Structures are given as structure tokens and as C-alpha cells.
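Order of listing sets the numbers, starting from 1, for every ligand and every atom in it. These values consider heavy atoms only, across backbone and side chains, with no hydrogens, waters or symmetry-generated copies. None of the values given here were measured: they were computed from a predicted structure. One is the number of the first residue; the rest follow in order along the sequence.
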Amino acid sequence: MTAGRFISLEGGEGAGKSTQATRLAEALGRQGIDARVTREPGGSEGAEAIRALLLAGAVTRWSAHSETLLFAAARADHVERTIRPAIEAGAWVICDRFIDSTRAYQGAQGIDDAAILALHGFGSKGLLPDRTLVLEIGPDEGAARASVRDAGALDRFAARGPAFHQDVAAAFRRIANREPDRVRLIDATGEADDVTARLIEHIADLLP
Ligand code: TMP
């Protein structure tokens, strides 16, 4: 049995993460790898229930601190019930968002990175992906794609202004610069096929 692997896809709104997660899993499947797609917030029954609390309602529904705790709680359930069992069974887990989304989105609201990582240590035993691929597109393109996808009904995060989304993008770049072995910035503009090929290039060293 080959070792299971854990890959997260990250980036701002409308970067094409969920499409690419599916495409990446299909490409791995063609190589005989059992690849499973999951997402955050969500990915287990309890975490999906927390997702509904997090994404609906007014932008101000949760404070940055309570929101950070809810994301950490959702992630703890997701890791324990879905991600770890799959990796232990030898599967590859492709996760649409993970801890770096909390570092970027809640970090952009003033929550300290060390506090976020400490919570992650407690809730999810500090599990980190083997590789994190940050999909980058221009902010205008992202907002346009997200609003088409959401048909104008943006969730609490997508509804924030452009300055917030620029802070989030900057935070992802900062994480990538600090952790170059794990985190890679990927040009996500252009044809979906070309983007998938770039993703595969950046996980090639992990393949059996
Ligand atoms: P998505 O399903 O469109 O990716 O929506 C999830 C939203 O939640 C997105 O706007 C990013 C936000 N989010 C955080 O703020 N912190 C997190 O830890 C995660 C996983 C998502």
C-alpha cells in the first residue's frame, strides 16, 4: 500500500479551487491513486453543521475571535473523522482550503498567527498538508468569478470589500514565502487544463 498524502488548495474567492480539486483527484485517479476531495469549512457531518453557522448571516454575526474558534472546531472534527482515517487508509486527500485559510482570513482581521497555530495544535494535533497549492488570480477576476458562481448572494466572507481580499492575498503570499517547501504559489489564470498541469508539476516529487 502506498503512503497516503494530504494536499490543500488555497487562495481567494473565485480562484477555481473546487474545480481544480476535482480535476487533480481525477488526474491522480488515472495514475491508480485513491484520491478523495474534501473541503473546509466542512468535510464531516459536524463540520458541515458549523459551516452553515459560519457562512450565513450578517458580516458582523461573529467576532473575529469566535469565528476563529468555530473554524478550529470544524477543522478538528474534519481531521479526526475524515482526513486522518483516509490518509491512514493510504488515500490522497485533496482539501479545498485548510489551516492557511484561517491564517489568511482571520489573520487579516487581526488574529495572531501564533494563536491560530496553537489552536490548530490543540484541535487537530497540528496536522499540516504535505503540500499546499495557493491558486492566484487577479483580485478583479476573482470577485467577478465568485459573484457569477454565487449569483449575487455572496457569503459573509465574499461580501467583504476589496481591501480585505487584498490583505488575504498578501497573507497567502507571506505564508508561501516563509514556508517554501510546503506552500507553492500557482498561476491560476488561463485554461483549466493548464492550471491542473501546473498543480501536478508542484506535487510531482510526492508521487509514488
Ligand atoms: P468557500 O467554500 O467559497 O471557499 O467559502 C468559505 C469561506 O470561508 C471563504 O470566504 C473563506 C472563509 N474561510 C475562512 O475565513 N477561514 C477558514 O479557515 C476557512 C476554511 C474558510
- Item | Atom of A188, atom of A15 and distance for their closest heavy-atom approach | CB-O, 3.9 Å
- Looking only at distances, please establish whether an N/O atom of ligand 1 is found under 3.5 Å from an N/O atom of E13. yes
- Under 4.0 Å from a heavy atom of R75: give me the atoms of ligand 1 that qualify, with their elements. 18 (O), 20 (C)
- Tell me which part of L54 gets within contact of ligand 1: side chain, backbone, both or neither, using heavy atoms under 4.0 Å. neither
- Taking all atoms of both residues into account, what is the closest heavy-atom pair of V37 and A25, and its distance? CG2-CB, 3.5 Å
- Item | T132: which of D100, I175, L9 passes side-chain contact (heavy atoms from CB on, under 4.5 Å) | D100
- Nearest non-hydrogen protein atom to atom 19 (C) of ligand 1, with distance, is F71 CE2, 3.3 Å
- Quick note on ligand 1: atoms under 4.0 Å from a heavy atom of S101 include exactly 16 (N), 17 (C), 18 (O), 19 (C), 20 (C)
- Taking both backbone and side-chain atoms of R97, is any N or O found less than 3.5 Å from an N or O belonging to ligand 1? yes
- Query: What part of Q106, side chain from CB on, backbone N/CA/C/O, both or neither, has a heavy atom under 4.0 Å from ligand 1?
  - Reply: side chain
- Query: For ligand 1, which part of L55 has a heavy atom less than 4.0 Å away: the side chain, the backbone, both, or neither?
  - Reply: side chain
- Item | Protein contact of atom 3 (O) of ligand 1 - nearest heavy atom, named by residue and atom, plus distance | R149 NH2, 3.7 Å
- Item | Nearest atoms (heavy-atom pairs only) where F6 meets L127 | CE2-CD2, 3.8 Å
- Item | Nearest candidate to atom 5 (O) of ligand 1, where distance is taken over non-hydrogen atoms, out of D155, T102, D96 | D155
- Could you find the nearest protein heavy atom to atom 8 (O) of ligand 1 and give me its residue, atom name and distance? F157 CD1, 3.5 Å
- Task: Could you tell me whether F71 and Y105 have their ring centroids closer than 6.0 angstrom?
- Result: no
- Task: Using distance alone, decide if ligand 1 has a nitrogen or oxygen within less than 3.5 Å of any nitrogen or oxygen in E40.
- Result: no
- Non-hydrogen atom of R51 closer than 4.0 Å to ligand 1: yes
- Heavy-atom pair with the smallest gap, counting every atom of L206 and R5: O-NE, 3.5 Å
- Message: Would you say S124 and R75 are linked by a side-chain donor-acceptor pair, where the criterion is simply a distance under 3.5 Å?
- Response: no
- Pick from R174, R103, R184: which one makes a salt bridge (charged side-chain N to carboxylate O under 4.0 Å, His left out) with E179? R103
- Item | Partner of H78 under side chain to side chain donor-acceptor pair (under 3.5 Å), chosen from E48, E40, R51 | E40
- Message: With a heavy-atom distance limit of 4.0 Å, tell me whether R160 approaches ligand 1 through its side chain, its backbone, both, or neither.
- Response: neither
